[in-house]
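Bear in mind that the values here come from a model prediction, so they are computed numbers and not experimental data. Letters A, B, ... mirror the listed sequences (proteins, then strands); counts begin at 1.
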Amino acid sequence: MNIFWQELRFYRKSLLIWVLALSTTLIVFLSSYQSISSQIDVFREVVSHYPKALLLVINFRFEIFYTIYGYFGYILTFIWLAGAIQAMNYGVSILSKEVTDKTADFLLSKPVSRSRILTEKFAAGLSLIVITNICFTVTALLGAKYFSHSNFGIKTFIMLSATLFFVQVFFLVLGFLFGTILPKIKTVLSVALPTVFIFFIVASFGGILDKPDFYYLTPFKYFDPVYIYQNSGYDPKYLFALGGFVVTSLVLSYIVYIRKDIKL
Amino acid sequence: MNMFWHEIKSNYKSLLGWIAGILFFQLSGYSKFQGFKAAQGSSSINVIANSFPKPLLAIFGMSNLNIATLIGYFGILYIFFALIAAIYSGLLGANIVSKEERDKTSEFIYTKPVSRTSVLGAKFFAGLINILILFVIINLSSIVGVGITNSNNFTLTGQVTNLMWGILLIQTFFYCMGIMFASIFKSPKTPTVIIATVIVASYFISVLSELSTNLEWLKYLTPFQWFSAPSLINSGHVAYGYVIVVVILSTIFTGIGWYIFNKRDITVV
Amino acid sequence: MNVIETSKLSKFYGKERGIENLDMQVNEGEIFGFIGPNGAGKSTTIRTILSIVHPTSGSASIFGKDVTKYGPEIREEIGYLPSEIFYYENMKAIDLLRYSASFYKKPKNHMEHRIQTLAKLLELNLDKKIDDLSFGNRKKVGIIQGLLHEPKLIILDEPTGGLDPLIQQKFFNLIQQENKRGASVLFSSHILGEVQRLCDRVGIIKEGKMIKVEKISDLLEKSTKRFKLTTKGKADKAVLLNITGISELVYNGNDINFLFRGHLRDITKAIAKLDLVNLDVNEPDLEEIFLHYYR
């Protein structure tokens, strides 16, 4: 377990910074809730005059938007974006740094198997994500309580907040896969940032273009706050997609890493 | 000029990748417009677009846009091209200077009979060329994309180009900022992280500013709002005030970068 | 003229001492050795005179020109071999060397010829990617890179690490040739034998300060030789009595062991009186002297 603890120690500072960043972003967005929700009456008035057919186009997700769930769900899109960068960063760097920092021959000459290295590193990355999410959910609950001046269902709220975890796991695993496959990654962020944004933009396009098939391509569409609110649960087909991706990537990572020549 | 060509050679493959990304989005981005256009007849789309409370428009990135028009629709796509361009430019600026220290080639290049100014200059201009090429690609592909969607009618080209100037200015802004950070910080990892944070934060602030009238003041803080699609479409040209701001700030950034780069120690191994 | 001259040169990294009030002169045409313990400030000195880092105080000049003001101009005539060689990805050796040559104002075909000649001498395949070369071969690229423009000042930082003994030989010959051609050399190394072989003078740096500068020839003269004798019968102790310059005299059966410093004529006259079966005289070794300073 020494590799595991070493990695946790190494990412301590980064974890702190990210937790603060995510919490700050959340609080900043949440603090605008009042000024936005005050407009719900205006909205209801306007919409009441719309023909039924049109209302179908809009659908009632807008009504939800004005609740704390809906607003939180909206904010989550951006939290996911930031969290994805964090997770992908971890996934890529936790492996690639052995090559960039030239510590590969140190580690690999030790009496450890490559699979143990992978397992402990992945476990460390996962732990960082878990810790981040616990802190985030707590902040979210406190923030929502403070800014919404009303009651809300904690369970549903936590379910919403937990979506961050799933999105982060996706990118952690993806980053991990990149770390095993790509020989040398000099600037982790130059790989992580564009990749995350590509998934983000595909999600936005998919939303605009209204093409549900696209949704499988990007974790940013796996979790619809409205769906979660309505069903108090996650959409199983996307959970399967996520699970499938995670398992496949991890297996692939192991296979590649155990066999490949490490660039020294 | 040898350093200039060396930089061009080192960066072109990456540029090609980004160009491919842009083209990919151009290919897929316009398909929804037909659906929006079809609804136009009933005038209900316009009514909706005009009367929706701000946040709802913001959700769809439709703030202040008349999405029934093609140019308005393109305005939705615009922010994504701006984002891609911003990320490319900011990272390029940060990396092109810091890579010598990152890759430990600093003892090679900085012991050559060239001043740090000439090294910085060669890198700066090589990067600028890359930025311009990406800009031209986004510009041309957008003109073509819009034109084809417009039933092969290219009358909107002028309006598309208006928007494109916004992208060029955003690129320049973040590029010079990236150069500055890389020139200031000794550790090669720092500038990339900072410029990425600034770009992401600028995007978030831009989103926030569209959510409510109380938050509109935020638009002064982010280039994505200085050159936002609605303002560019509605006024027909870039806001000259902001152009001046970008030019001045970019010059200041570059100047600060140049000054500090000459003064500081180069990080070796 | 002094090729390199520093005056109270100091470099502090924040609070960490790099070098402090360093005064150093390297004469034109000499090979100056630069030794000292790890962390003494050798690399800092080199980086400061190359303007990679800026001095905290004091000044340095090369060819009579201040290094901060005239950096690029000075570096036209400097060839630098760093201790660790890193180059650009995906570049072949020949590409890197040509890129390096493109910085200097010397005639292109002349430098190209130099590249080819040196590569042949050092047995380096120029068409290979630098990434694929072994450590020692990368060093060779570094050597060629530092010498291809026939600089007037050559700065070497641990240059022979990783080179096989034959190539090391060739490298030394190369440096000596350059020196004969008129180049001055600043040679930083831990391998005291090399310093002894190549250098005219040696400067010892410790804890950021230059503590001693000596001519190699002086050091050799002043040094002691170790004598090991084996006599046929029991040795006649009277022979070595009263010879000045003998120290650490040890008799062990038929073996006699001692250190001698002084005129060889005196000692050889004395031991000639002994019936010798074996005589060993050790070449003077600077290691003892240097190590004394390292402590």
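Contact of B:Val268 with chain C is made through the side chain alone, with heavy-atom distances under 4.5 Å. Only the backbone of C:Ser51 has a heavy atom closer than 4.5 Å to any heavy atom of chain B. Heavy atoms closer than 4.5 Å to chain B are found nowhere in C:Ser83, neither backbone nor side chain. Proximity to chain B is absent for every atom of C:Glu73, based on heavy atoms less than 4.5 angstrom apart. Contact of C:Phe103 with chain B is made through backbone and side chain together, with heavy-atom distances under 4.5 Å. Using a 4.5 Å cut-off between heavy atoms, C:Glu77 makes no contact with chain B at all.
The nearest pair of heavy atoms linking C:Ile52 to B:Arg116 is O-NH2, 3.0 Å. In terms of heavy-atom proximity, B:Pro113 sits nearest to C:Pro72 at CB-O, 3.1 Å. A pairwise comparison of heavy atoms in B:Asn2 and C:Ser102 identifies ND2-OG, 2.7 Å as the closest pair. C:His54 and B:Asn262 get closest at one heavy-atom pair: NE2-O, 2.8 Å. Nearest heavy-atom pair, C:Arg47 versus B:Glu107, reported as atom, atom and distance to 0.1 Å: NE-OE2, 3.9 Å. Contact between B:Lys112 and C:Ser100 at its shortest, heavy atoms only, is CE-OG, 3.1 Å.
Counted within 6.0 Å of OH on B:Tyr12, heavy atoms from surrounding residues, nucleotides or ligands total 12 or fewer; the atom is thus considered open. Atom CZ of B:Phe4 has more than 12 neighbouring heavy atoms from other residues, nucleotides or ligands inside a 6.0 Å radius. Counting non-hydrogen atoms of other residues, nucleotides and ligands closer than 6.0 Å to NZ of B:Lys189 gives a total of 12 or fewer. Under a cut-off of 6.0 angstrom, the local environment of NZ in C:Lys108 is crowded, with over 12 non-hydrogen atoms contributed by other residues, nucleotides or ligands. Other residues, nucleotides and ligands contribute over 12 non-hydrogen atoms within 6.0 Å of the NZ atom of C:Lys106. Enclosure of atom OH in C:Tyr13 by more than 12 non-hydrogen atoms of other residues, nucleotides or ligands within 6.0 angstrom is indicated.
Annotation: maximal heavy-atom pairing with chain C below 4.5 Å, among B:Lys99, B:Met1, B:Glu100, B:Lys9, occurs at B:Glu100. Ranking C:Ser43, C:Pro82, C:Gly142 against chain B, the residue ahead of the rest is C:Pro82, based on heavy-atom pairs under 4.5 Å.
Between C:Tyr87 and B:Lys104 there is no side-chain heavy-atom pair separated by less than 4.5 Å. Residues C:Tyr99 and B:Ile109 meet the side-chain proximity criterion, which asks for heavy atoms closer than 4.5 Å.
Remark: C:Lys11 engages B:Asp265 in a salt bridge, criterion side-chain N to carboxylate O under 4.0 Å.
Aromatic ring orientation, B:Phe108 versus C:Tyr88: perpendicular (interplanar angle above 60°, classes split at 30° and 60°).
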